[in-house]
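Here you go, one structure.
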Amino acid sequence: MSISSISQTARHFYFNYHYPKSTSPWIHSTFLRRVQYATQVVICFLSASFLAFETRISSHLSLEYLVPIISILCLQQTFGSTLSCCVHNTIVLTPLSVLLFVTRKFHLCYQNYVATELLLLLTSFFITYGCTQVSTKRTVLLYNVIYFAMCFSHADMSLIFSFQLFGIHMSGMVMAVLVSLIIFPLFATFEIENRFHYSLLKLQQMHTLIIQAFLCHDKMVAQMSLIRVSIIENMVHKALIPVQTRLDEARFEPSRWLQRIFNRKHRHIIDLTLQEQENFINSLMCHISSLELMVKNCSFNEYHHDFAKELESSLLDLSARQSTVITSLIAPSSISKYEFSQQINNLQQAFSKLRSAYIDVRLRRIEHVLQSAKTIQSEDSLSHAYFLFHLEVIIRILTELALNNEDKAKSIHSSGYEKKKMNFKPEWSRILSSIKCIIIIGVGSLFVLIPTLSKAFENGHLILITLCVTQGDTVGGALTTMKMRLIGTLIGAIWSYITYLLVHTRIYPTLGILSPWIFIFSYLKLLPNWGYTATVASFTPVAINLAQLSHQIPSSESNAVLLRIEESFIGITIAVVLTLLIFPIFAIDLLKDNIQRTLKTCEESIASMHSVYDQLFHHTESHESMVQLELEERKVESFISAQRSVFHRLISAQRTLVEHASLEPALWWMNHGFSSKYYNELVRQQVNTFNMLHNVDAALMKINEYSENIHHFQVNVAGGHFLPNLHREISGLSKQLGACFHAWIYDFAATQTRLHRLFRQSIYSNAKLDEVDLTKDQQCLVDLYQIVHQLQDQHQERLNQLLQHYLDRLTDGETYTSIIPYATNNEADSVFIAYYALYYSTTQLAHSILKLGETIHTILELETTHVYRHF
């Protein structure tokens, strides 16, 4: 290995930037990334501890042990998230520290119980209302209650104590930012780039396996390939889950500058922003999943075997050339722009060859059908056109990506769609959450204010702090935090006691004993089931042992450990009771709010689909809708991209809410508790439904390219049978789909808790879901099923009419090439394939919504009836 290669590998390892085709994949493994992060935390802890105890700062501050704790809490996995956390904390802490200084300067508080309590509650209210991020809210509340507790417990506290406490927080945050930037930095930008490269490679593997499955002569052999495709697909889904979060974090990083430095060898062939990368991967995955869907539903009959046999060489050549293009995009070494252009040209030529072979095999099939007096099944014709259409769309996406097409949808950064949805109304939910917060903090402050309680619990500081840091947006989120904090406190307190027994109060041995502990739990923090538990377990011994070094807790270590466990348990117990009793915000209610917004997004997408269809095929009798007006004002691509962005954010939040809702005592208002299984299945089916909507949009956009000739193809070509007019069936299907979504939105709203409807929506209705509503939903699905079959029957009838027209023309002495439009006309062939792909996507969309409806119906029955009663 050359020196330059070693240098490049070391650089990529240190900055966590890598390619999936790297010669040393173990260097970029998840294990080593977690080791790097754990090393970051240990170095941050040691640096902050040295700053607090071995510099002049220790002589000016009374709570110097908080510096390493703040630094550990603020140090996040990526530089962007660390900087974001510190910036948000600083923005809130700066005016708060000034306010507290002014109140103390002019003796506006801390002279009596009432003034002290009022100031604490007032500042806590504005902190809770103003901070939308949970981590920022907890940190600032922690600052506020520490200031309150220390000033009340120590009457001689310095006048500038608010600034001293602010300085402690700033020292810890600055240390966290510096360590995150210097020691094994992981930029959110690079994290997205890494996931982009990984997903691109895996999607190509899926593409290759799907082609192999398509060419199989036996359905069971094809299923084996599809099983491997499903496994890879789940891996890609898992890799893409954090991308939305990383995009938010990357806004605090110089993303384009970092991309230009590390992608300088590839910029001549690929240069996408982070948002464009996400949209590209999502779009590519949607179309590859569509290929998978076709092969899963393929009947592998004589019609398919003839196509597979004739197209085998062309498909394999196309797959090989596409693999070459993908490899060039993600390989560590780069190729020239000319060489890459040749690869793109070869890919396009391979598809042209495939298309010609597809036309030939269709012509021969039609000739065979007409000579043997048979027919072509509508399902076979639609599915194979659908398969070819998505192959073409994938190649077009890669071509536009590689050629840096300036016209690709860069308007994705526009948030017009989201802005339109925002209504400037009073944030009553946040007001209620703030009132709930000050009640909880008010109860906790009693352990500091009342002398008897304060004496019994060593000033009661830890109880108040526990009540502050265990608050969550929902009951489920709060209970999750409380459980994790209690477990983390127990584990951390045990190690704190062991540390004291080994080294007592010597500073350097204490740091040496704590460092491996922090390393282990910082590593565990990145594991899925540890998270906040590992965070609490890592800083608990730091808080106990370093506070003892600062003489901030009793000298007896055993008393300190027991006191922390006791006060944490009391604080968590109080928090559980108050969280359930005071304006409870249940995750199940927020989950159903999210589901309603997601279903509304799908409903609007169906409306836009119908509007575009009517515009393309000149059905002027349809009424204009708000969606149609939007489509006229903006580019359709921008509208679709905005819808997709909103949908993926909703789904990302929905997955988190399902986890939180599973921890809530839902048995109180549901007959059989909360079913995570069915709600996770609902999330998956919503994604499948939206992907099918994306496919319909893609087909409509392709047809739109030939909008000037659509009327001619529909009316004049092949006696008006070339593009079957199924407007009535499509309209009926769209209306029925809209009716289904409207009913489901009402159902989820009706099953929310009364407290949610009263306090969050200001609705005083006692409407409940009953058997009549469930029967209506069931009938809605039956009607949808019938409409889908009517659409399929009507298309089969129109296809038979087209074949009869060809037969009549042949009887009159004409040739196949003269009577079949796409035999010699590429434009007609493109429209034909896109049109058939549109109808296949529409029927698959309906089937997907049927499955979605079945899951929703099951969930509603579980929650509102006694059909599924346990023994």
Side-chain angles (χ1 to χ4, degrees), residues 188-204 206-207 233 236-237 239-251 255-256 259 263 266-267 269-290 325-326 329-330 390 392-419 598 601-602 604-605 608 631 634-653 686-702:
T189 302
F190 292 166
E191 177 78 351
I192 296 173
E193 290 270 350
N194 295 339
R195 293 179 185 276
F196 172 75
H197 292 152
Y198 173 84
S199 301
L200 198 54
L201 175 65
K202 294 302 178 183
L203 288 176
Q204 180 54 36
M206 287 176 60
H207 184 275
E233 185 179 15
V236 176
H237 275 301
L240 294 179
I241 287 175
V243 169
Q244 285 290 342
T245 303
R246 295 290 181 258
L247 283 171
D248 294 334
E249 296 169 0
R251 290 185 297 177
S255 298
R256 292 301 286 168
Q259 285 181 298
N263 281 342
H266 288 78
R267 286 188 62 202
I269 60 175
I270 177 173
D271 186 22
L272 297 179
T273 65
L274 299 179
Q275 184 65 66
E276 288 171 338
Q277 288 182 6
E278 189 221 9
N279 280 285
F280 169 78
I281 287 295
N282 285 332
S283 182
L284 186 62
M285 186 170 187
C286 177
H287 292 293
I288 291 178
S289 297
S290 299
V325 172
I326 297 296
L329 291 174
I330 63 178
H390 285 286
E392 181 181 10
V393 173
I394 291 169
I395 291 170
R396 185 173 60 188
I397 290 173
L398 289 173
T399 302
E400 290 178 354
L401 166 73
L403 298 179
N404 293 315
N405 190 345
E406 296 297 331
D407 294 328
K408 60 182 179 289
K410 289 185 178 180
S411 56
I412 52 180
H413 300 289
S414 173
S415 57
Y417 182 84
E418 295 179 70
K419 289 181 180 178
T598 306
T601 302
C602 292
E604 291 175 352
S605 186
S608 68
L631 291 171
R634 301 194 299 162
K635 290 184 178 180
V636 176
E637 292 85 352
S638 175
F639 179 78
I640 294 172
S641 296
Q643 279 187 326
R644 185 167 59 238
S645 178
V646 170
F647 178 82
H648 284 299
R649 288 186 179 275
L650 288 172
I651 287 296
S652 179
Q686 287 175 94
V687 172
N688 292 341
T689 298
F690 199 82
N691 285 343
M692 294 312 303
L693 285 167
H694 178 77
N695 292 338
V696 173
D697 291 333
L700 288 170
M701 294 305 100
K702 181 64 177 178

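Just so we're clear, the structure is a prediction, and the values are computed from it rather than from any experiment.
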Picking from H197, R195, E193, what satisfies side-chain hydrogen bond (donor to acceptor under 3.5 Å, both in side chains) with Q277?
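Option passing the side-chain hydrogen bond (donor to acceptor under 3.5 Å, both in side chains) with Q277: E193.
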- Taking atom OG1 of T189 and atom CG of L247, what is their separation to the nearest 0.5 Å?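 Result: 9.5 Å between the selected atoms.
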**Request:** Measure the spacing between CD1 of I192 and CG of L274 and express it to the nearest 0.5 Å.
**Result:**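 Going from CD1 on I192 over to CG on L274, the span is 4.5 Å.
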* Only counting residues at least two apart or in another chain, list the ones meeting side-chain hydrogen bond (donor to acceptor under 3.5 Å, both in side chains) with Q686. =>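 side-chain hydrogen bond (donor to acceptor under 3.5 Å, both in side chains) check on Q686 returns Q654.
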* Report yes if some heavy atom in the side chain of S255 is under 4.5 Å from a heavy atom in the side chain of T273; otherwise report no. =>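 No, too far: nothing below the 4.5 Å cut-off.
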Could you please spell out the steps behind the side-chain contact (heavy atoms from CB on, under 4.5 Å) verdict for V393 and N695?
-> CA-CA 10 Å; V393 173; N695 292 338; over 6 Å; no
**Request:** Just jot down the side-chain hydrogen bond (donor to acceptor under 3.5 Å, both in side chains) partners of S652, sequence neighbours excluded, or say none.
**Result:**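 Per chain and number, S652 pairs via side-chain hydrogen bond (donor to acceptor under 3.5 Å, both in side chains) with no residue.
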Worksheet entry | D697 side, atom CG; F690 side, atom CZ - distance, nearest 0.5 Å |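 It comes to 7.5 Å.
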- Query: Is any side-chain heavy atom of K202 closer than 4.5 Å to a side-chain heavy atom of I288?
  - Reply: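 Result no, sub-4.5 Å side-chain heavy-atom pair not found.
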**Prompt:** Heavy atoms, side chains only, cut-off 4.5 Å: are M285 and L240 in contact?
**Reply:**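 Yes - at least one pair of side-chain heavy atoms lies under 4.5 Å apart.
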> Is E392 paired with R396 through a side-chain N to carboxylate O contact shorter than 4.0 Å?
Replying inline: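 Looking at E392 together with R396, the answer is no, because their closest N to O distance does not fall below 4.0 Å.
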- For Q259 and L272, indicate whether the former's side chain and the latter's backbone hold a donor-acceptor pair under 3.5 Å.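 Yes, Q259 side chain to L272 backbone: donor-acceptor pair under 3.5 Å.
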ask   = When rounded to the nearest 0.5 angstrom, what is the spacing between CD1 in I281 and CD in E276?
value =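 That separation rounds to 13.0 Å.
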**Request:** Kindly write out the residues that satisfy side chain to side chain contact (heavy atoms under 4.5 Å, CB included) with H648, not counting sequence neighbours, or none if the list is empty.
**Result:**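 Only Q244, N282, R644 meet the side chain to side chain contact (heavy atoms under 4.5 Å, CB included) criterion with H648.
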_Please evaluate residues V325 and Q204 with respect to the criterion side-chain contact (heavy atoms from CB on, under 4.5 Å), reporting the C-alpha separation (whole Å), side-chain torsions for both, the decisive distance (0.1 Å), and the verdict._
CA-CA 10 Å; V325 172; Q204 180 54 36; over 6 Å; no
Check: M206 and L203 side chains under 4.5 Å, non-hydrogen atoms:
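The answer is yes; the side chains approach within 4.5 Å.
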(Q) Side chains of E233 and S289: any donor to acceptor distance under 3.5 Å? (A)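 Side-chain D/A pair, S289 to E233: present.
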* Where the side chain of S290 meets the backbone of C286, is there a donor-acceptor pair that is under 3.5 Å apart? ->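 Such a contact is found between S290 side chain and C286 backbone.
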How long is the span from the CD1 atom in I397 to the CG atom in L284, to the nearest 0.5 Å?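 I397 CD1 to L284 CG: 6.0 Å, rounded to 0.5 Å.
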